[in-house]
Amino acid sequence: MTNNIIEVQDVTKTFGGVVANKDISISVEQGKITGLIGPNGSGKTTLFNSIVGYHPIDSGSIMFQGHEISDFRVQQIARLGLLRTFQQTRIYGKMNCVDNMLISIPHRRMGFMDMFGHDTAEELEKAELLLNFVGLYEKRFLNGGDLSFGQQKLLEFAMALMNEPTVLLLDEPTAGINPTLINGLIDRLNHANSEFGITLLIIEHNMRVIMNMANTIYCLAHGELLAQGTPGEIQKDQLVIDAYLGAH
């Protein structure tokens, strides 16, 4: 019996009459890595945004840990431990890496504390440990804007980990990253899953990456669910092959 931490059932989302997602159902098993693939414009990011509360859905259901969250706001969902990263990084370019880590803590981001001068030793230690985990410890006092794009993605990943997520949604984590950094990122994602126990749902265009990481993969096309299965099953699915090759 599976233990699904996210259940998306028959979700539809439209924008001005354009159907971005139509009757999509996916499940994310707790403690596993689930992949979400599909050609550009297939509705992957829209589905991500709906799950974490950026887009209210038109119909359907989104359950997290057995509770309906489709009417929740982004902040409510984040407090439950469901977070996401973005294709274009959302870091603070004029702050150093340590300050980026500290401001990612919810009570600081919401303005309940002055982010300067109230750093606890525990918070600082945690920030530096996570920067070390993603390979940025030596750059911890560099401004985020001075990092390479790949390093900024690592910083955003570390910022998400600072919040101790239960589930982390990653939108194309390897896109734009120097190939020399990709294997290191994959190792850290696998470690976050296996050692920290974080469930991962990943949008990824790099087929080598997602086929080697995911336990289950869902493929979208034209806003609809095209196929689902293990990496081996997806690789042999003719509908998936046709979608990527543009066959009809």
Side-chain angles (χ1 to χ4, degrees), residues 1-16 18-38 42-90 103-112 156-173 189 192-193 196-204 210 213-220 223-226 228:
M1 183 176 179
T2 59
N3 181 18
N4 295 327
I5 194 167
I6 295 176
E7 288 275 6
V8 174
Q9 291 291 331
D10 301 321
V11 162
T12 294
K13 176 62 185 175
T14 60
F15 296 97
V18 177
V19 179
N21 291 150
K22 181 180 179 183
D23 297 328
I24 291 180
S25 297
I26 71 168
S27 300
V28 177
E29 188 174 353
Q30 184 167 1
K32 303 294 186 180
I33 299 176
T34 301
L36 188 61
I37 66 172
S42 60
K44 304 182 299 297
T45 296
T46 296
L47 186 62
F48 259 33
N49 285 335
S50 295
I51 291 172
V52 298
Y54 281 99
H55 297 323
I57 60 176
D58 297 330
S59 61
S61 171
I62 301 174
M63 304 283 286
F64 178 61
Q65 294 181 318
H67 301 284
E68 179 67 47
I69 62 168
S70 59
D71 292 331
F72 284 20
R73 296 181 181 273
V74 174
Q75 293 83 357
Q76 291 175 288
I77 293 172
R79 285 197 291 272
L80 295 175
L82 180 53
L83 302 176
R84 68 157 297 178
T85 64
F86 295 84
Q87 291 179 27
Q88 298 299 320
T89 57
R90 296 193 176 186
I103 200 175
S104 71
I105 302 171
H107 64 66
R108 295 173 182 275
R109 192 169 60 242
M110 295 170 68
F112 294 150
E156 186 181 42
F157 177 45
M159 290 165 67
L161 295 180
M162 193 77 176
N163 291 275
E164 300 181 0
T166 303
V167 180
L168 185 57
L169 282 61
L170 298 128
D171 197 344
E172 298 191 37
L189 291 175
N193 173 249
F196 299 166
I198 300 172
T199 302
L200 301 178
L201 175 59
I202 304 175
I203 292 175
E204 185 55 68
I210 201 63
M213 288 185 67
N215 305 101
T216 301
I217 295 175
Y218 292 88
C219 180
L220 303 186
E224 300 185 49
L225 181 62
L226 186 68
Q228 67 185 80

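Remember, it's a predicted structure, so these values are computed and weren't measured experimentally. Values reported hereafter were calculated over all heavy atoms of this structure, with side chains retained and with hydrogens, waters and symmetry mates removed.
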* Go through the structure and list residues passing side chain to side chain contact (heavy atoms under 4.5 Å, CB included) with Thr34, not counting sequence neighbours. => Val28, Leu201, Tyr218
* Can any side-chain N or O of Asp58 pair as donor or acceptor with the backbone N or O of Thr14 at less than 3.5 Å? -> yes
* Which residue, Arg90, Lys44, Arg84, forms the salt bridge (Lys or Arg N to Asp or Glu O under 4.0 Å) with Asp171? -> Arg84
* Evaluate the side-chain proximity of Asn49 to Lys13: yes if any heavy-atom separation is below 4.5 Å, no if none is. => no
* Please name the pair of heavy atoms, one in Gln65 and one in Thr166, separated by the smallest distance, quoted to 0.1 Å. => NE2-CG2, 3.9 Å
* Structure fact -> Value for CG (Leu47) from NE2 (His55), rounded to nearest 0.5 Å, stands at 10.5 Å
* To do: Would you give the length of the straight line joining atom CD of Gln228 to atom OG1 of Thr216, rounded to the nearest 0.5 angstrom?
  => 8.5 Å
* Asked: Are Ser104 and Asn163 close enough that some pair of their side-chain heavy atoms sits under 4.5 Å apart?
  -> yes
* Can you find a heavy atom in the side chain of Asn21 that is under 4.5 Å from one in the side chain of Ile57? -> no
* pair Ile33-Leu189: side-chain heavy atoms closer than 4.5 Å -> no
* With Glu164 via side chain to side chain contact (heavy atoms under 4.5 Å, CB included) - residues at least two apart -> Lys126
* Asked: How long is the gap from CG on Leu170 to CG on Leu36, to the nearest 0.5 Å?
  -> 12.0 Å
* Structure fact -> Closest heavy-atom pair, Phe196 versus Ala192, reported as atoms and distance to 0.1 Å, is CB-O, 3.1 Å
* Asked: Under the 3.5 angstrom rule, does the side chain of Ser27 hit a backbone N or O of Glu7 as a donor-acceptor pair?
  -> no
* To do: Work out which heavy atom in Ala160 is nearest to a heavy atom in Pro165; give both atom names and the distance.
  => O-CD, 3.2 Å
* To do: Take Ile6 and Thr199 through the test side-chain contact (heavy atoms from CB on, under 4.5 Å) and record every step on the way to the result.
  => CA-CA 10 Å; Ile6 295 176; Thr199 302; over 6 Å; no
* To the nearest 0.5 Å, what is the distance between CG (Leu168) and CG (Leu200)? -> 6.0 Å
* **Heavy-atom side-chain contact between Leu220 and Leu225 under 4.5 Å** => yes
* Close side-chain approach of Ile77 to Phe64, heavy-atom, < 4.5 Å -> no
* Structure fact -> CG of Asn193 to CG of Asn215, rounded to nearest 0.5 Å, is 7.5 Å
* For the student: nearest non-hydrogen atoms of Met213 and Ile202, plus distance -> CE-CD1, 3.8 Å
* Structure fact -> Closest heavy-atom pair, Gly35 versus Ala214, reported as atoms and distance to 0.1 Å, is N-CB, 3.8 Å
* Asked: How far apart are the closest heavy atoms of Ile210 and Ile217, and which atoms are they?
  -> O-CD1, 4.1 Å
* Structure fact -> Here the gap from Met162 atom CE to Met159 atom CE, rounded to the nearest 0.5 Å, amounts to 10.0 Å
* Asked: Side chains of Ser61 and Glu68: do they bring a donor and an acceptor to under 3.5 Å?
  -> yes
